[in-house]
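One structure below.
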Amino acid sequence: MKFLVCISNVPDTTTKIAFTPDNKEFNKAGVQFVINPWDEYALTRAIELKEAAGSGTVTVLNVGEADTEPNIRKALAIGADDAIRVNAAPQDAYFVAEQIAAVAKEGAYDVILMGKESIDYNGFQVHGMVGEMLGIPTVAPAMKLDMSGNTATLEREIEGGKEIVTVNTPFVASCQQPMCEPRIPNMRGIMTARTKPLKVVPAVGEPARTTVAEYALPPKKQGVKLIDAENAGELIKLLRNEAKVI
């Protein structure tokens, strides 16, 4: 069984967000980047399934420039066998999906896993695009994944409940908690990651189909006004005229 796990390089959740002076790009200065937390569920589950089967490979794939390689090496330290980096900035969801689909097709992977979304853009788009480009099923968002031969059983979240589906390989799945407990690299993993293969390939297809017109921070929170409990009329007036919620 060949697993392809797609990982994104995202700002740490504690990062203070800032943009370049023209508000067209995220300002990376002084920012600590991490593996997208949702992708860690996909990576760990792929490793667990490979270990349970006693055979197979787990390849991690990242669409990004050279500065993403420390987190690719971390994924290798967690337990992936090898890695591929598409040497291009992840310009938009379609562009990223196009790169993933090209790698997946060339490598004839059985299972393509990724997080349900990246925590920087929260797009929830790439997995569906990849499945469509490859002409294979997509299950999203998956909370549980088990394999029996070439058949997978997945539990996914739907409005008001859960749905259990089965699908034969190849397929795409996006992952979320509580699929597994994400692993952290141990010392042995860190040492072996240094020698594991990391292949760099050029991007394919057309440039991004969308461009950012402008980024903007949300408005700052306004000060709190305290109204005397006996002054209901003033409270209603403020809710109607200032807060505009009634």
Side-chain angles (χ1 to χ4, degrees), residues 1-15 28 31-88 90 96 99-100 103-104 106-120 126-127 130 141-147 152 154 169-201:
M1 188 71 65
K2 294 179 66 177
F3 293 90
L4 180 66
V5 180
C6 311
I7 63 172
S8 298
N9 198 55
V10 299
D12 186 88
T13 53
T14 61
T15 296
K28 297 181 180 180
V31 174
Q32 175 69 38
F33 283 83
V34 298
I35 298 174
N36 179 46
W38 296 118
D39 296 337
E40 290 184 325
Y41 289 100
L43 175 60
T44 298
R45 189 59 185 143
I47 295 168
E48 290 175 346
L49 290 169
K50 186 197 81 167
E51 292 173 347
S55 62
T57 59
V58 176
T59 300
V60 291
L61 169 63
N62 171 256
V63 180
E65 297 172 316
D67 58 357
T68 67
E69 291 194 3
N71 280 326
I72 297 175
R73 288 291 177 192
K74 180 180 178 181
L76 293 170
I78 290 171
D81 298 294
D82 63 315
I84 299 171
R85 178 173 67 83
V86 177
N87 190 30
V96 171
Q99 310 313 310
I100 295 171
V103 171
E106 182 178 348
Y109 292 93
D110 300 295
V111 180
I112 304 166
L113 300 179
M114 63 192 75
K116 68 172 186 176
E117 59 190 0
S118 61
I119 64 169
D120 48 3
V126 173
H127 49 267
V130 172
M143 304 167 63
K144 187 176 180 180
L145 167 61
D146 293 306
M147 298 291 301
L154 301 101
T169 58
F171 66 90
V172 179
S174 68
C175 307
Q176 69 171 45
Q177 61 186 17
M179 180 168 284
C180 58
E181 184 67 29
R183 296 184 180 182
I184 58 174
N186 55 34
M187 184 56 66
R188 181 182 178 185
I190 293 170
M191 297 299 291
T192 58
R194 298 176 181 177
T195 58
K196 288 182 178 179
L198 197 171
K199 181 181 179 182
V200 179
V201 300

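Just so it is clear, the structure is predicted and the values come from calculations on it, not from any experiment. Values below: all heavy atoms of this structure, side chains included; hydrogens, waters and symmetry mates excluded.
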Looking only at non-hydrogen atoms, find the nearest pair between [X] and [Y] and report the distance.
X    : Y    : value
L43  : A80  : CD1-CB, 4.2 Å
I78  : P185 : CG1-CD, 3.8 Å
V58  : A46  : CG2-O, 3.8 Å
R73  : A193 : NH1-O, 2.7 Å
S174 : K116 : CB-CA, 3.6 Å
E40  : P182 : CB-CB, 4.1 Å

Report the distance from atom [atom1] of [X] to atom [atom2] of [Y], rounding to the nearest 0.5 Å.
X    : Y    : atom1 : atom2 : answer
T15  : I119 : OG1   : CD1   : 8.0 Å
C6   : Q99  : SG    : CD    : 11.5 Å
L4   : T57  : CG    : OG1   : 9.5 Å
H127 : C175 : NE2   : SG    : 10.5 Å
T44  : L113 : OG1   : CG    : 11.0 Å
Q176 : M143 : CD    : CE    : 5.5 Å

Item to check | Expected output: side-chain N71 to main-chain F33 donor-acceptor under 3.5 Å | outcome: yes

Next on the checklist: side chain to side chain contact (heavy atoms under 4.5 Å, CB included), that's the test. Do Q177 and W38 meet it? Break it down for me.
Outcome noted: CA-CA 8 Å; Q177 61 186 17; W38 296 118; 4.1 Å; yes

Item to check | Ionic contact status for E51 with R183, cut-off 4.0 Å | outcome: yes

Checklist entry - Is the shortest distance from a Lys or Arg side-chain nitrogen in D81 or K2 to a carboxylate oxygen in the other one below 4.0 Å? => result no

Checklist entry - Around K144, counting heavy atoms of other residues, nucleotides and ligands shown, do more than 12 lie under 6.0 Å from its NZ? => result no

Checklist entry - Considering the options I112, T59, V86, which one meets the side chain to side chain contact (heavy atoms under 4.5 Å, CB included) requirement together with V103? => result V86

Item to check | Result of checking D39, V126, N36 against S118 for side chain to side chain contact (heavy atoms under 4.5 Å, CB included) | outcome: N36

When the side chains of residues 60-70 are checked against the rest of the protein, which donor-acceptor pairs come out under 3.5 Å, sequence neighbours left out?
unit_1, atom_1, unit_2, atom_2, d
N62, OD1, G64, N, 3.4
N62, OD1, T68, OG1, 2.8
N62, ND2, I7, O, 3.0
T68, OG1, E65, O, 2.9
E69, OE2, R85, NE, 3.0
E69, OE2, R85, NH2, 3.1

Student check: side-chain heavy atoms of [X] and [Y] closer than 4.5 Å:
X    : Y    : result
V34  : V10  : yes
D110 : M1   : yes
L154 : F171 : yes
Q32  : P11  : no

Checklist entry - Would N9 and I35 satisfy side chain to side chain contact (heavy atoms under 4.5 Å, CB included), going step by step from the backbone distance to the final call? => result CA-CA 5 Å; N9 198 55; I35 298 174; over 6 Å; no

Next on the checklist: For a side chain to side chain contact (heavy atoms under 4.5 Å, CB included) check, start with the C-alpha distance between V111 and K50, then their side-chain angles and the critical distance, and finish with the verdict.
Outcome noted: CA-CA 11 Å; V111 180; K50 186 197 81 167; over 6 Å; no

Next on the checklist: Suppose we screen for side-chain contact (heavy atoms from CB on, under 4.5 Å). Which residues come up paired with I184, at least two apart in sequence or across chains?
Outcome noted: none

Item to check | Pairing residues for K74 by the salt bridge (charged side-chain N to carboxylate O under 4.0 Å, His left out) criterion, not counting sequence neighbours | outcome: none

Checklist entry - What do the steps show when you test V200 against L198 for side chain to side chain contact (heavy atoms under 4.5 Å, CB included), and what is the final call? => result CA-CA 7 Å; V200 179; L198 197 171; 4.1 Å; yes

